[in-house]
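Numbers here are sequence positions counted from 1.
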Amino acid sequence: MSYFTDKVVVVTGGSDGIGKALVDALLQQGAKVSTCARNYDKLYRLKTNYPDKPFIVQAADVSKEGECKNFIEETINTFGTIDILVNNAGISMRALFEDAGLDILHRVMDINFWGTVYCTKYAMPYITQQRGTVVAVSSVAGYRGIPGRTGYNASKFAMQGFMESLRTELLNSGVNIMWVCPGFTASNIRNACLTKDGKPQGFTTLDESGLMSAEECAAMTLKAIEAKKRTLVYTMADKRTIILNKLFPRLADKLIYKFFYKNGELVK
C-alpha cells in the first residue's frame, strides 16, 4: 500500500506540467485528489481520464482569494478533510525590469505568492488536525536573483520566506512545511511566461530535450513528501548555484550574467 493511499491531496495548477504529473501519480497511488486551474477545458479532459477515481476538479484563479476559498471548501465538502496541500500553481516572466509594466510584476506575485498564502490559509485548519503537510513548489530563483525575472524572483523569495516562517511557527505541531525547487523542467512554464507586454511568450529558445521530465519531478516530490523533508533542490547545478551565491556572491553575479546573456541579449 502506498503512503498516499486514501490521503486527501490538494494540488493547485494541476492541468499542466508538474501539477498534472503529480495528479496522475497521486491517483495511481490511491490518493483522493482535488485540483484546480484556470483552464476548465484542460481540467475536464484530465477528469475524463479518471472516471472511477476519487478525483475532483475546479476552475479557479489562485490569485483571487475568494476562488481559493471556494476551492478549498469544495474539497472539504467532497472529502471531509485535507492531508496534503501542494501549492504548485505558478507563472514566470521574461522581461527586463526597465521594460516590464508593473502590472506584470503584480500578476506574477499574485499567483505565485498570494496564491500560496490564500490556499494555505484556508486549508491549514484541516492540515493541522491531520498533522499533514504543506508543500510549495519554488525554484532556485527563490535563492538567487536571475536577470529578466525580477517579479518571478520576488515571488519565490517571498514564498520561501513565508514557508520558512510558517514552518518555524508549527515546528512542534506535527505539521510538515516544506518547499521543493525543480530545475529546468520540460513543461509549459516557459511558453506561458509573461513578456514585457503581459502576454504569454508562446515559445522557448531552450532545448528541452535533455531536461528533467515533469513525471520525474513529480516522483521526486512525492518521495520528499513521504520522507517529510524540509527542502528539496532537485539538481546538482542548482545546489552549486545556491552554495556559490552564499560563499562567493560577486562571482555568482558574473556567472549568472554570462549564462543568461548571449551576445548582449537576454536569453528567453
Side-chain angles (χ1 to χ4, degrees), residues 2-4 7 9-31 33-39 41-50 53 55 57 62 84-94 111-112 116 133 135-144 146 149 152 156 159 178-194 200-227 229 231-242 259-260 267-268:
S2 165
Y3 171 80
F4 297 97
K7 283 186 168 58
V9 186
V10 174
V11 180
T12 65
S15 64
D16 277 309
I18 296 172
K20 181 179 179 297
L22 283 167
V23 168
D24 289 333
L26 285 162
L27 288 170
Q28 290 163 14
Q29 293 188 43
V33 179
S34 174
T35 194
C36 71
R38 286 175 293 169
N39 189 318
D41 289 340
K42 288 184 178 181
L43 288 172
Y44 179 77
R45 287 195 294 272
L46 181 59
K47 172 69 173 172
T48 59
N49 292 335
Y50 299 100
K53 296 284 188 179
F55 179 35
V57 301
V62 297
I84 300 166
L85 167 65
V86 183
N87 290 294
N88 168 76
I91 195 168
S92 190
M93 61 174 287
R94 298 290 186 275
I111 293 172
N112 295 358
T116 296
T133 298
V135 186
V137 178
S138 186
S139 163
V140 70
Y143 293 93
R144 162 71 218 188
I146 299 172
R149 296 153 177 81
Y152 183 71
K156 295 303 185 181
M159 172 193 280
M178 60 180 287
W179 53 100
V180 297
C181 301
F184 285 121
T185 306
S187 71
N188 192 49
I189 191 168
R190 281 169 294 283
N191 295 317
C193 71
L194 302 179
Q201 181 171 268
F203 69 93
T204 177
T205 58
L206 190 66
D207 180 6
E208 298 193 355
S209 60
L211 301 185
M212 184 181 292
S213 70
E215 289 72 23
E216 289 174 301
C217 286
M220 292 176 70
T221 300
L222 295 184
K223 285 182 180 178
I225 293 171
E226 183 174 356
K229 295 250 182 207
T231 60
L232 173 65
V233 179
Y234 289 60
T235 69
M236 284 304 301
D238 283 349
K239 290 175 183 177
R240 287 195 297 268
T241 298
I242 293 167
F259 183 86
F260 283 97
V267 174
K268 296 182 179 180

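Scored by the side chain to side chain contact (heavy atoms under 4.5 Å, CB included) test, A237 finds T235, R240 as partners (sequence neighbours excluded). Applying the side-chain hydrogen bond (donor to acceptor under 3.5 Å, both in side chains) criterion to S15, with sequence neighbours excluded, gives no partner residue. Checked against side chain to side chain contact (heavy atoms under 4.5 Å, CB included), R38 has the following partners two or more places apart in sequence or in another chain: D61, I91, R107, I111. Every residue meeting the side chain to side chain contact (heavy atoms under 4.5 Å, CB included) condition with T133, not counting sequence neighbours, appears here in chain and number order: I84, V135, N176, M178, I225, K228. Shown here are the salt bridge (Lys or Arg N to Asp or Glu O under 4.0 Å) partners of D24, two or more places apart in sequence or in another chain: K20. Residues forming a side-chain hydrogen bond (donor to acceptor under 3.5 Å, both in side chains) with Q29 (at least two apart in sequence, or on another chain): S2. Shown here are the side-chain hydrogen bond (donor to acceptor under 3.5 Å, both in side chains) partners of S138, two or more places apart in sequence or in another chain: Q160. Residues forming a side chain to side chain contact (heavy atoms under 4.5 Å, CB included) with A31 (at least two apart in sequence, or on another chain): F4, V9, L26, V33. Contacts of E216 classified as side-chain hydrogen bond (donor to acceptor under 3.5 Å, both in side chains), with partners at least two apart in sequence or in another chain: S213.
In this structure, N112 and M159 approach most closely via the heavy-atom pair O-CE, 3.3 Å. When all heavy atoms of L232 and A224 are compared, the pair lying nearest together is CD2-CB, 3.8 Å. Taking both residues in full, the closest heavy atoms of G13 and N88 are given as O-ND2, 3.0 Å, listed atom of the first, atom of the second, then distance. For the pair A214 and I18, the tightest heavy-atom approach, listed with the atom from each and the gap, is CB-N, 3.9 Å. The two atoms that bring Y143 and C181 nearest to each other are CE1-SG, 3.7 Å, heavy atoms only. Closest approach of P182 and D238 over heavy atoms only: O-OD2, 3.9 Å.
Taking NZ of K239 as the reference point, atom OG1 of T241 lies at 12.0 Å (rounded to 0.5 Å). In this structure, Y50 OH and Q28 CD are separated by 4.5 Å, a value rounded to the nearest 0.5 Å. To the nearest 0.5 Å, atom CG of residue L22 and atom CD of residue E215 are 10.0 Å apart. In this structure, CG in L46 is found 4.0 Å from CZ in F55, a value given to the nearest 0.5 Å.
In this structure, K223 places its NZ atom where only 12 or fewer heavy-atom neighbours from other residues, nucleotides or ligands lie under 6.0 Å away. Within 6.0 Å of NZ on K47 lie more than 12 heavy atoms contributed by other residues, nucleotides or ligands. Around OH of Y3, the count of heavy atoms belonging to other residues, nucleotides or ligands within 6.0 Å exceeds 12.
In this structure, the side chains of Y44 and V57 stay at 4.5 Å or more apart for every pair of heavy atoms.
T35 places no side-chain N or O within donor-acceptor distance of the main-chain N or O of T12, the cut-off being under 3.5 Å.
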